[in-house]
Amino acid sequence: MREEFAVLDIGSGKICFVVGTKSADEIFFVKNFASVEYPGYFNGDWIAKDRLKDDISEVIEKSKFNFKIKTLYVGVPSEFTFVRTSGILSDSGRTKTITSSAIRDIHKRAEAFKVNGYTALCSSALEYSLDGNRHTIHPIGENAKNIYADMSYIFCKDEFIRAIYKIAIELGFRYVRFVDGIWAEGTQLIDEISRVDGAVMIDVGYSSTTFALMKGDGIKYKKDCQFGKGYLIDALAGVLNVDYEVAESLLSKVTLNIESDDMSVYQYEVGKAKFECKAKEINSFLHNYILKNLVDFVNTCISEIREADKMSESQNAFGAGVYPSVNDLTRFFLVGGGISEIRGAANFFARALSREITLLSAGTAGWDKPYYASMFATLEIAEEMSRKNSLLERLFR
């Protein structure tokens, strides 16, 4: 019988719980699932921490889970983590064939990094440089005297771990494993070819957005901002002077990637009264709001990455140029339910950035939506961890 995995995926507006197992064709089959809306978090702090246990208990109970599985895998939101990069040099003293043991030793050395108030979730290699002139993410079997590993480390707030761990144990789990949600999405859902050169992933949720530059098997750069679908709804409610729920219903009717004429309207209801608003004006307002917040945020991230590239180039002891981390060939991926659920928003976002953007989702039929991506990516990591793959990044409780 194939092993089953339980995952708690914590978003900025919803908590999802899923139990899944891989079928013979390597696709996850969902046995239990539920989601609940909850207050979420802001700048890495819970908005209603006192309600968190009730919210988690509710979603698990709603899924009809029987607690026969004793390990819970938790997808950690980006706002509770940070990324640090550093290099580790391993010099064997002579040219020899690189083994899995040598790479394992590098990762063990990475585990020694400590940050006050934080726990390491994983260490990952952005790339390996062999003898200073060959770059790869698959060094095993290659011949080299020295290996320089460009490493990425993800740390999670101890406060987050303690809170979720305590709740999980009290509810009936015996073990809890924490997985960085952004790292899981990037490494499991973005193809390796794209990650070798560097790929940009933009995760837009309900009230939080994360920009991540994926490189090799890790995250090279990550930044969060307070923006998402909830902000769009709130802004729309303000401009129309209607309740949040009315604005939310109206947003579900909006199509952003078309040029509306003066006759096109959106209809909405307040109580039993029906109203109309010009589609052109609503689209223009949302266009400007997305441009001001999301597009500016992405451009700021790209500028920061380019500045870091310039600094790396100036500090390069060999005087060699640094290949730009984000360039015209860099692939961009959009994930999360923040704007992917709004008709035309992804296409408008791509045009505003002058980039082709690929929607990212898991391949499971019926669940292949961007807002389920983190949940299924964490399931993939859970399954890999259970196989005790010695080359998998080491994850801690």
Side-chain angles (χ1 to χ4, degrees), residues 9-12 75-83 85 121-122 124-127 137 152-154 179-225 227-229 290 293-306 308 324-341 345-347 349-350 352-363 368-381 393:
D9 188 57
I10 301 174
S12 57
V76 182
S78 179
E79 287 194 20
F80 293 91
T81 70
F82 78 90
V83 173
T85 58
L121 290 187
C122 66
S124 313
L126 304 176
E127 70 173 8
I137 61 170
S152 169
Y153 317 97
I154 301 176
V179 180
D180 182 76
I182 294 295
W183 174 77
E185 285 178 334
T187 56
Q188 298 303 303
L189 303 180
I190 296 178
D191 63 281
E192 184 180 292
I193 293 175
S194 296
R195 287 187 281 111
V196 166
D197 292 328
V200 166
M201 184 173 70
I202 303 163
D203 187 326
V204 185
Y206 179 77
S207 63
S208 182
T209 291
T210 302
F211 178 107
L213 174 60
M214 307 302 304
K215 173 73 174 171
D217 290 326
I219 301 175
K220 185 173 183 177
Y221 168 97
K222 181 173 77 72
K223 192 180 183 75
D224 305 306
C225 81
F227 179 81
K229 185 178 179 180
I290 292 174
N293 291 276
L294 186 55
V295 177
D296 284 355
F297 168 66
V298 170
N299 286 330
T300 295
C301 292
I302 293 173
S303 295
E304 288 182 1
I305 291 169
R306 287 174 175 164
S325 298
V326 179
N327 54 71
D328 290 342
L329 298 179
T330 302
R331 292 194 66 188
F332 276 57
F333 296 87
L334 177 65
V335 70
I339 65 172
S340 64
E341 290 181 282
N347 290 335
F349 182 43
L353 286 175
S354 298
R355 294 272 184 177
E356 182 178 337
I357 296 181
T358 302
L359 283 177
L360 200 60
S361 64
D368 51 349
K369 306 295 182 185
Y371 44 86
Y372 291 134
S374 177
M375 183 176 73
F376 277 89
T378 305
L379 272 173
E380 291 284 357
I381 294 296
E393 290 75 5

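Residue numbers run from 1 in the order of the sequence given.
- Considering CE of M201 and CZ of F211, their distance stands at 10.5 Å, rounded to 0.5 Å.
- Looking at V295 and V298, their side chains never come closer than 4.5 Å, going by heavy atoms from C-beta outward.
- Note that the CD1 atom of I339 and the CG atom of L334 stand 5.0 Å from one another [nearest 0.5 Å].
- Residues Y371 and E341 bring no donor and acceptor atom of their side chains to less than 3.5 Å of each other.
- Side chain of S12 to backbone of Y206: a donor-acceptor contact under 3.5 angstrom is found.
- Rounding to the nearest 0.5 Å gives a distance of 10.0 Å between OH of Y153 and OG of S124.
- In this structure, the side chain of K215 engages the main chain of V196 through a donor-acceptor pair within 3.5 Å.
- Between the side chains of T81 and K222, a donor-acceptor pair is found at a separation under 3.5 Å.
- Side-chain atoms of D197 and L329, non-hydrogen and from C-beta on, never get closer than 4.5 Å to each other.
- The backbone N or O of L126 lies less than 3.5 Å from no partner atom in the side chain of S152, so there is not a single donor-acceptor pair.
- Between N299 and L353 the shortest side-chain heavy-atom distance falls below 4.5 Å.
- Considering CZ of F82 and NZ of K223, their distance stands at 14.5 Å, rounded to 0.5 Å.
- In this structure, the side chain of E127 does not engage the main chain of G216 through any donor-acceptor pair within 3.5 Å.
- Looking at W183, its side chain never comes within 3.5 Å of a backbone N or O of M214 through a donor-acceptor pair.
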